[in-house]
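Chain A is the first sequence line, chain B the second, and so forth, proteins listed ahead of strands; every chain is numbered from 1.
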Number of protein chains: 2
Amino acid sequence: MNSKLSKRTKLLDQGVYLLMNQGYHATGINEIVNAVQVPKGSFYSYFGSKEEFAAESINHYIEPFIQLLTRHLQHSQADPLTALKNYYAELIVAVEKNGYKGGCLLGNLMGEIGDTSELCNQALKSAVERYKALQYKALLQAQKQGTVRNDRSAEIMANLLVNNWQGALLRMKIEQSVQPLHEFCDTLLNDYFVA
Amino acid sequence: MNSKLSKRTKLLDQGVYLLMNQGYHATGINEIVNAVQVPKGSFYSYFGSKEEFAAESINHYIEPFIQLLTRHLQHSQADPLTALKNYYAELIVAVEKNGYKGGCLLGNLMGEIGDTSELCNQALKSAVERYKALQYKALLQAQKQGTVRNDRSAEIMANLLVNNWQGALLRMKIEQSVQPLHEFCDTLLNDYFVA
DNA sequence: ACAAAATATACGACCGGTCGTTTATTTTGT
DNA sequence: ACAAAATAAACGACCGGTCGTATATTTTGT
């Protein structure tokens, strides 16, 4: 039966949702297991601790984003820069539907426990690195195509993308507006990066 | 006697320190009052609640930064752009001494409780706005002097500064390195902004 | 001026509740 | 019947916040 594995996945899904919207310390195991109708005792058969669970949630969270971005980059007939624009446009629409809630699990947990939980620190570093590497490759490819400027390294621009997006999400969160996210696109993807 | 007021200030000092390094939900009232040798009961004569205390801590936190930046902008004989560079260079040195710990209280609390605590949301918005306005004015002035490019609005560049700095601090936190902060200076202040 | 009464402040034990985790029991599969 | 997995109950610790009391200060009466 897949109910065991699916319960594990449900826990992670709910964990991602709650951890993103409430943070690590404000989210209790009870809240998670109650939401997905799993006995509290079972939680500790799936995960060794709350900290391990959070680290796994981080990986569980980033996967869909990596796949979505990969899809945009591969299955699109557009150049990589346009693919990046489309990807971020899709993200903004999604976040807008969500009522500007939560932001990014990676950013939130980086700020809250990024330097206090070794396990989560590792998971965060790995997730950010994978996510960044994907955008780095896209920028590098776009540079070769001539759609992105060549006089700045793709590495630096990838960092700009990642860091600015995180900052823009924080601004969105307190201002309850997607305006910072649109400005992010206009300033970087539609201006600074263009060849 | 100023012992009453100084105790209040000590509580806020300690609050800033603990809230920045551990976050809101991981920091208890007991931890704060024990650290500054103030009875727990007294805490609630100074502050109405933990939430109010955090909101006051936010204002208490940002003030020195605003004053330091103002000093750099006013008492410096350098142009505003150079003043900004000097200011951020000083910040980086300070953060390096601290062992990359904590990051920025504003950024951390924006991520953790920026959309769940109304009181803190207000305090965060106000603090960020004041801080941003200062840099906006500096950029505007630098534009008039011709040291900063005129074909991009100072508003957008100020947002870039604020947002990118927050993102860079998150990266610093998980990578335990000031490299993202230096890259921030090189990319924006020493490149994108220059006329 | 001074003792007594009234008021304000300081304080820590304590509240109900929740935390993350462990353990003992029940249920399940064979 | 029995080992293994699932689960409910219980654990001590700690949470934010309160409240009765002890101490200090001020006001009053003479």
- Would you mind checking if B:Glu155 and B:Lys132 are paired as a salt bridge, meaning a charged N to carboxylate O distance below 4.0 Å? yes
Let me know the distance between [atom1] of [X] and [atom2] of [N], rounded to the nearest Å.
| X | N | atom1 | atom2 | value |
| --- | --- | --- | --- | --- |
| B:Lys7 | C:dT9 | NZ | P | 14 Å |
| B:Glu31 | D:dC15 | CD | P | 7 Å |
| A:Asn34 | C:dG20 | CG | P | 12 Å |
| B:Gln22 | D:dC15 | CD | C1' | 14 Å |
| B:Arg8 | C:dA10 | CZ | P | 13 Å |
| B:Tyr24 | D:dC15 | OH | P | 13 Å |
| A:Phe53 | C:dT21 | CZ | C1' | 15 Å |
| B:Gln37 | C:dC11 | CD | C1' | 14 Å |

- Non-neighbouring partners of A:Lys50 that pass salt bridge (charged side-chain N to carboxylate O under 4.0 Å, His left out), sequence neighbours left out: none
Ignoring hydrogens and angles, state whether a donor on the side chain of [X] or [Y] is under 3.5 Å from an acceptor on the partner side chain.
| X | Y | value |
| --- | --- | --- |
| A:Gln22 | B:Glu112 | no |
| A:Gln179 | A:Glu175 | no |
| A:Glu56 | A:Tyr61 | no |
| A:Asn159 | B:Glu183 | yes |
| B:His72 | B:Glu90 | yes |

- Task: Would you mind telling me which residue lines up with the more 5' stretch of DNA chain D, B:Ile29 or A:Phe43, judged by nearest nucleotide?
- Result: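 First, find each residue's nearest nucleotide; the 5'-ward one identifies A:Phe43.
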- Report the stems of DNA chain D as range-with-range entries sorted by first number; a stem here is at least three consecutive pairs, Watson-Crick or G-U wobble, both distances under 3.5 Å, and write none if there are none.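 When the pairs of DNA chain D are grouped into runs of at least three, the stems are C:1-30 with D:1-30.
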- Message: Between A:Asn30 and C:dG20, is there a contact of a side-chain N or O with OP1 or OP2 at under 4.0 Å?
- Response: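 False: A:Asn30 side-chain N/O out of range (4.0 Å or more) of C:dG20 OP1/OP2.
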- B:Ser42 side chain N/O closer than 4.0 Å to the phosphate oxygens (OP1, OP2) of C:dC11? yes
- Note on the structure: Protein heavy-atom contacts under 4.0 Å, written 5' to 3' over nucleotides 22-30 of chain C as B (base), S (sugar-phosphate only) or - (none), form the string B--------
- Item | Sugar-phosphate only, base, or nothing, as touched by A:Ser49 at under 4.0 Å among non-hydrogen atoms | sugar-phosphate
- Query: Which nucleotide in the set D:dG16, C:dT21, D:dT7 lies at the smallest distance from any side-chain heavy atom of A:Lys50?
  - Reply: C:dT21
- A:Phe53/A:Tyr46 aromatic ring centres below 6.0 Å: no
- Message: Around atom OH of B:Tyr44, are there more than 12 heavy atoms from other residues, nucleotides or ligands closer than 6.0 Å?
- Response: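 Count over threshold, so yes.
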